[in-house]
Amino acid sequence: MSEILGGISTSHVPAIGGAIAKRLQQDLYWKPFFDGFDRARAWLAEHQPDIAVLVYNDHGLNFFLDKMPTFAIGAAATYTSSDEGWGIPTIAPVRGDQELSWAIIEGVVADEFDVTTCQEMLIDHAVTIPLQLLWPDRPPPVRIVPISVNTVQHPLPSAARCLKFGQAIGRAIAGYSSDEKVVVVSTGGLSHQLDGERAGMINPEFDQLCLNSLVNEPTKLTGYSTRDLVELSGTQGVEILNWIVGRGILGSRTREIHRNYHVPISNTASALQVLELA
Amino acid sequence: MSGAPIPGTYLFDGRMARKGYALNKMCYSFNDAKNRREFQMDEAAYCERFGLSDEQKLAIKNRSVLALLAAGGNVYYLAKFAGIFGLNVQDIGAQQTGLSVQEFKTRLASYAKFNAAVTAGGTSHV
């Protein structure tokens with residue numbers, strides 16, 4: 001049986017990639033954000049996961065609106081990043097874990113989640129930045145399984161559906177016959193809105209509710225409709241759906257090891273949360 | 001989508017995805033540096049090739065983010081258009097809200113007063 005160690009959830013704001021490239025980690029603006037990762041890295045060093053299951057949303061790199069899967073699972077041996085059009089540096093190709101990819105695909109489809117499977121899948125900043133934050137200045141010492149959630153084109157999957165999808169992924173991982181250790185990395189959010197006259201909105205109160213609920217009461221979040229989530233956390237704040245999928249993977253009880261909330265990073269309320277299985 | 005409209009907020013749904021398809025497809029092409037150069041060499045011809053509507057062509061010409069959104073643009077694709085001109089999300093945020101870029105950044109920074117409380121909000125759960 002493979003073992004799920006816990007989950008690390010983090011924002012994936014593109015500007016972070018720029019700051020890493022320019023080595024601004026100790027800059028006054030960036031330091032409180034980057035310093036938050038020391039504890040997450042220590043936790044990873046202590047637990048040494050073999051595989052990272054990454055839950056994120058694509059921003060128009062791999063998926064265009066011609067074909068927009070609600071849930072897509074990568075099943076490639078290698079994942080490459082690419083030019084996204086506004087200057088974020090690419091990273092070296094990242095190794096995939098095809099065995100676990102297919103175990104998850106088989107498990108969730110048997111569980112009535114009819115996913116899109118991707119034997120080729122470009123990874124964008126929502127994958128590359130968290131990898132760089134968690135394992136800075138080196139290739140990540142894990143193989144990855146990227147799982148993409150549609151947070152771009154409405155209708156989006158509901159928060160309730162996302163939690164159930166995560167739970168199905170968790171069952172598939174638990175049933176996977178290997179002795180490897182898995183960390184769940186969920187990316188995006190928290191509150192932010194890039195578009196419209198309401199651009200720049202941030203909602204610390206709702207972000208706090210999300211962070212608190214994700215520890216052991218994720219069903220507090222599944223009562224919100226997509227419209228409610230947009231109103232409370234912004235048009236891009238709906239990326240909290242990725243965190244809800246990730247939380248579903250972890251199962252019933254977790255313990256919060258670490259949290260860092262820092263506004264502003266670019267237009268976003270950035271957050272980092274480390275949850276360990278209780 | 002049920003519920004009342006959210007002021008200053010546009011949901012990119014099926015209606016907008018249909019309306020904005022050509023515009024977003026053009027912006028998606030800007031993932032490729034060669035296409036960004038081609039656009040800059042002859043903007044009108046490039047818009048024509050992707051079949052943009054007159055409303056979309058005008059919004060591109062005017063670099064108007066709100067007009068691009070109204071014409072069906074999705075912000076993730078529009079960001080690739082903005083990137084051609086070196087504009088980041090504070091620049092487009094300022095444009096949409098009618099603030100200067102500095103005012104927009106100051107407004108974002110005003111939320112920093114909540115950082116300690118939200119970070120500490122987890123301690124009772126540990």
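All values derive from a computational prediction rather than experimental measurement.
In this structure, the separation between CD1 on B:Ile6 and CE on A:Met201 is 9.0 Å, given to the nearest 0.5 Å. Atom CG in A:Asn260 sits 5.0 Å away from atom OG1 in B:Thr119 (nearest 0.5 Å). How far CG of A:Asp124 is from OH of B:Tyr76: 9.5 Å, rounded to the nearest 0.5 Å. Of the inter-residue distances, the one linking B:Asn115 atom CG with A:Ser270 atom OG reads 7.5 Å to the nearest 0.5 angstrom. Distance check, rounded to the nearest 0.5 Å: OH of B:Tyr111 to OH of A:Tyr261 gives 9.5 Å. Atom CG of A:Asp207 and atom CZ of B:Phe114 lie 11.0 Å apart (nearest 0.5 Å).
Residue contact with chain A, scored on non-hydrogen atoms closer than 4.5 Å, involves the backbone and the side chain of B:Ala33 alike. A:Asp66 touches chain B through backbone and side chain together, each having a heavy atom under 4.5 Å away. Heavy-atom distances place no part of B:Val65 under 4.5 Å from chain A, backbone and side chain included. Both the backbone and the side chain of B:Phe12 come within contact range of chain A, judged by heavy atoms closer than 4.5 Å. With a 4.5 Å cut-off on non-hydrogen atoms, B:Lys113 does not touch chain A at all. In this structure, the portions of B:Leu108 lying under 4.5 Å from any heavy atom of chain A include both its backbone and its side chain. Proximity to chain B is absent for every atom of A:Tyr29, based on heavy atoms less than 4.5 angstrom apart. Contact of B:Asn74 with chain A is made through the side chain alone, with heavy-atom distances under 4.5 Å.
Counting non-hydrogen atoms of neighbouring residues, nucleotides and ligands closer than 6.0 angstrom, the CD atom of B:Glu43 exceeds 12 such neighbours. Sparse packing is recorded around NZ of B:Lys25, with 12 or fewer heavy atoms of other residues, nucleotides or ligands lying under 6.0 Å away. Counting non-hydrogen atoms of other residues, nucleotides and ligands closer than 6.0 Å to CD of B:Glu48 gives a total of 12 or fewer. Enclosure of atom CD in B:Gln40 by more than 12 non-hydrogen atoms of other residues, nucleotides or ligands within 6.0 angstrom is indicated. Around atom CZ of B:Arg15, no more than 12 heavy atoms belonging to other residues, nucleotides or ligands sit under 6.0 Å away.
For the pair B:Asn88 (side chain) and A:Ser266 (backbone), a donor-acceptor distance under 3.5 Å is absent. Side-chain atoms of B:Gln96 come within 3.5 Å of backbone atoms of A:Leu194 as a donor-acceptor pair (strictly under, hydrogens ignored). A donor-acceptor pair under 3.5 Å is absent between the side-chain atoms of B:Lys80 and the main chain of A:Trp86, judged by distance alone. In this structure a side-chain-to-backbone donor-acceptor pair under 3.5 Å is present from A:Arg227 to B:Ala4.
Heavy atoms only, all atoms of each residue included: A:Gly196 and B:Leu69 are closest at N-CD1, 3.5 Å. The two residues B:Gly93 and A:Ala199 have their closest heavy-atom pair at CA-CB, 4.2 Å.
Classified by interplanar angle (parallel below 30°, tilted 30° to 60°, perpendicular above 60°), the ring pair A:Phe64/B:Tyr21 is tilted.
Looking only at heavy-atom pairs under 4.5 Å with chain B, the residue among A:Asp195, A:Leu272, A:Leu61 that has the most is A:Asp195. The most heavy-atom pairs under 4.5 Å with chain B, out of A:Thr235, A:Val230, A:Val152, A:Asp228, come from A:Val152. Chosen from A:Met68, A:Gln193, A:Gln273, the residue pairing most often with chain B at heavy-atom distances under 4.5 Å is A:Gln193.
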Please assess A:Glu197 against B:Tyr10 for the test side chain to side chain contact (heavy atoms under 4.5 Å, CB included), listing each intermediate value before the final yes or no. CA-CA 9 Å; A:Glu197 292 87 346; B:Tyr10 310 97; 2.7 Å; yes

Decide yes or no on side chain to side chain contact (heavy atoms under 4.5 Å, CB included) for B:Val89 and A:Gln236, but give the supporting numbers first. CA-CA 12 Å; B:Val89 290; A:Gln236 285 72 45; over 6 Å; no

